[in-house]
Amino acid sequence: MASIVLKDLSKTFGKVVAVDQVNLTIQDGEFFALLGPSGCGKTTTLRMIAGLETPTSGTIFIGDQDMTNCNPRERDVAMVFQDYALYPHMTIEENVGYPLKVRRINQAERKQRVTDVSNNLGIGSLLERRPGQISGGQQQRAAVARAVVHHAQVFLFDEPLSNLDAKLRFESRGFLKHLQKELQITTVYVTHDQAEAMALADRIAIIDHGKVAQVGSPQEVYLRPQTVFVASFLGNPPMNLLPCKLDLAKRQVQINGSQIDVSQVSQINGIKTLVSEGENLSLGIRPEHISLYAEETAQAFPAELYVTQPLGSEVLVTLQVAETTVSVRLFTDEPPELPRRVWLKPDPKRILLYRTDGNLVA
Amino acid sequence: MEQRRPILTLKTGTFFLSPAIFFVILFLIVPFVWIIVVSFTNQSLTGATALNPEFVGLQNYLDLFNFDTWLTRGNFGSSMIITLEFVIGSAWIGQVVLGMGLAIAFYRRKGALREFVNTLVILCWIIPDVVVAFSWSAYLDRDYGTLNAILNLIGLGRPDWQLAFPLFAIILFNSWRGAAFSMLLFSSALATIPPSYLETAEVAGASFWQKQRDIILPLLRGHILTDMVLITLWTFNTFSPFLLTGGGPAFKTEVISIFTYRIAFKFFDFGMGGAIAVVAMVINFALALVYLLMLRKQAVYS
Ligand SMILES: Nc1ncnc2c1ncn2[C@@H]1O[C@H](COP(=O)(O)OP(=O)(O)OP(=O)(O)O)[C@@H](O)[C@H]1O
Ligand SMILES: [Mg+2]
């Protein structure tokens, strides 16, 4: 059990800056996700925590101890790789027991602990088999069992579910979260799948080009993304971002010829110091926070219907507003008959305003 | 599995293969059979038995395995022991172990040192035998050799390497020649091990030696086996030490191939030479058989 603190952590490979001045504090027992697009430096960060990569600069604390220059074996962490890295020449029992074997724990206790953990994770009957003789989901469990078996201070996961099919991924997600809550071990989980991060983590750090763009609980980062990057990375489909013109005096923005009231937007009073009168902004609104009207309505802007996609319990409507594509999520199981021209009304409490440099202003 | 149809009929296939089959018979099978036949005669190059060899039964073999004298220098038993020392020293330690060591030392390393050592080792391997042997004897020469010039400079005298440590000299020579093959084989085998295997072990707390013992060696088992058998066979049959020492001094470096050569082509005793060759062949077959059996066992296991 331990907290993890990363201070000004950077890593460069030649000219490539993989991790850029990252500062993070991960609480004891927390399930923490590192989320970001491919190549943003998630794996590199995780490998530095594990001790497999030496930071170019910065410090790593694990449980109050400066571990920046320690070997992996001194850090007492356990890591699960994307490819599981189960040894093909060992049985599952030998694989799971390997961390105990290198720690010279005697055979009897080893067998006991391997059996306990494996039964817990539902692979107790597979101990005699080799990794090539079990399914992908079972391999994933075996790799987790090997990480769990020696009670490390910290778990590190690098996209452990990305090799599984959708159904198994969903099952494994629940299983991992349940296990982590049961063991209460600090966990850092790397993924590029926003749904996975949202579903699993207590807090998420969204990484963009080696920098931390935002840290927060899934709700915080989903509902109040601090940058346009975070807003458009989270959610499926992502947040709508509409170019608009600000009228500071009337507390309104202008979109596609309509005036939308923004006086209920949180922190609207602080906006004066951040923007100037008549500035061009982006209005951010989630697809589920827009109401759709067939006739002209107050506080709504016009849009052209593009396509309607029924998804079972909901309907996804895609529209054009001037040059911008907008998605609207309707919670109905009956695809509605819509005219070509409709009016969209954003929930005034859910509106977010971004400056052209991408930062949230209100 | 899909049923494959041959693209040639048996007749055309045989037709295309016939030249190859002809030469294989002419240059491989015929001498092979001839050697076995000769080993039961007293055929020689000159003298009465050159034209009219007599059938002597097992006499040649009995002479070879005459246990009263066979350990005397220049006899079969002594040559076998020298060959064994040569194989252990220059094949197992000097090539398999050293090649493995080099491969592990440079595993996942980049940079000038690696390229330099790689180039050197491969150079040692591709230079013709005669050139290498000449360089080595020049290097080890008592009066004019580079090694003694250096040793003399730091006051260690001028030992006569080829006279005092002849076996060591040919072991060194053959290791130096051959280590590249094992190094290359093991390097490419190591490259097939996913880095995550070793990193998982590292994070789990394994030491350098534990990683070698638990992961690298078991995963390279097949490669080690192949390398071991090939190198053993090559070293067992190599004639190159002759270029350095000629089998001497006093038969001290007379490995089995040089021994055969001396009996057959210096003493012109083809019968005895044939008998030695047949024994050597049986040993080769035995090694190859062990190899095939172990490979099959490996296939069942994995
Ligand atoms: N060993 C290395 N040598 C050189 N460049 C590297 C190395 N490892 C990573 N990089 C570079 O650093 C950047 C970050 O890589 P990293 O593997 O951390 O990304 P990631 O966020 O894990 O991406 P993905 O989701 O695709 O796994 C990339 O631009 C990558 O090309
Ligand atoms: Mg990665």
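In what follows, chains are A, B, ... by sequence order, proteins preceding strands, each numbered from 1. Just so you know, these numbers use all the heavy atoms, side chains as well, and skip hydrogens, waters and symmetry mates. For clarity, every value in this text was computed on a predicted model and none was experimentally measured.
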If you compare all heavy atoms of B/Y197 against all heavy atoms of A/Y87, which two are closest, and at what distance to 0.1 Å?
O-OH, 2.8 Å
Should the heavy atoms of other residues, nucleotides or ligands under 6.0 Å from CD of A/Q107 be counted, would the total exceed 12?
no
Counting heavy atoms not belonging to B/Y107, are there more than 12 under 6.0 Å from its OH?
yes
Answer yes or no: does atom CG of A/D165 have more than 12 heavy-atom neighbours from other residues, nucleotides or ligands under 6.0 Å?
yes
Indicate the atoms forming the closest heavy-atom contact of A/V77 with B/V203, along with that distance.
O-CG1, 3.3 Å
Tell me, yes or no, whether the heavy-atom count around B/L10 atom CG, taken from other residues, nucleotides or ligands under 6.0 Å, exceeds 12.
no
Identify the two heavy atoms, one from B/Q210 and one from A/Y98, that lie closest to each other, and give their separation to 0.1 Å.
O-OH, 3.7 Å
With a cut-off of 6.0 Å (strictly less than), are more than 12 heavy atoms of other residues, nucleotides or ligands near NZ of A/K177?
yes
Hey, is CZ on B/F168 packed in by over 12 heavy atoms from elsewhere, all under 6.0 Å?
no
Derivation of the side chain to side chain contact (heavy atoms under 4.5 Å, CB included) call for A/K101 and B/D214
CA-CA 10 Å; A/K101 187 177 165 202; B/D214 299 335; 3.6 Å; yes
Heavy-atom distances under 4.5 Å only: say whether A/R47 touches chain B with side chain, backbone, both or neither.
side chain
Whether over 12 other heavy atoms sit under 6.0 Å from A/K181 NZ:
yes
When rounded to the nearest 0.5 angstrom, what distance separates CG in A/D83 from OG1 in B/T200?
7.5 Å
Please report the interatomic distance CD(B/E199) to CE(A/M79), rounded to the nearest 0.5 Å.
7.0 Å
Given the options B/G205, B/P195, B/P194, B/S207, which has more heavy-atom pairs under 4.5 Å with chain A than any of the others?
B/G205
Taking every heavy atom of A/H89 against every heavy atom of B/P218, the minimum-distance pair comes out as CD2-CB, 3.3 Å
Strictly less than 4.5 Å between heavy atoms, which residues of residues 77-86 of chain B line up against chain A? Please order them by number.
none
Please classify the contact of A/L86 with chain B as side chain, backbone, both or neither, using a heavy-atom distance under 4.5 Å.
backbone
B/I7, CD1: over 12 other non-hydrogen atoms inside 6.0 angstrom:
no
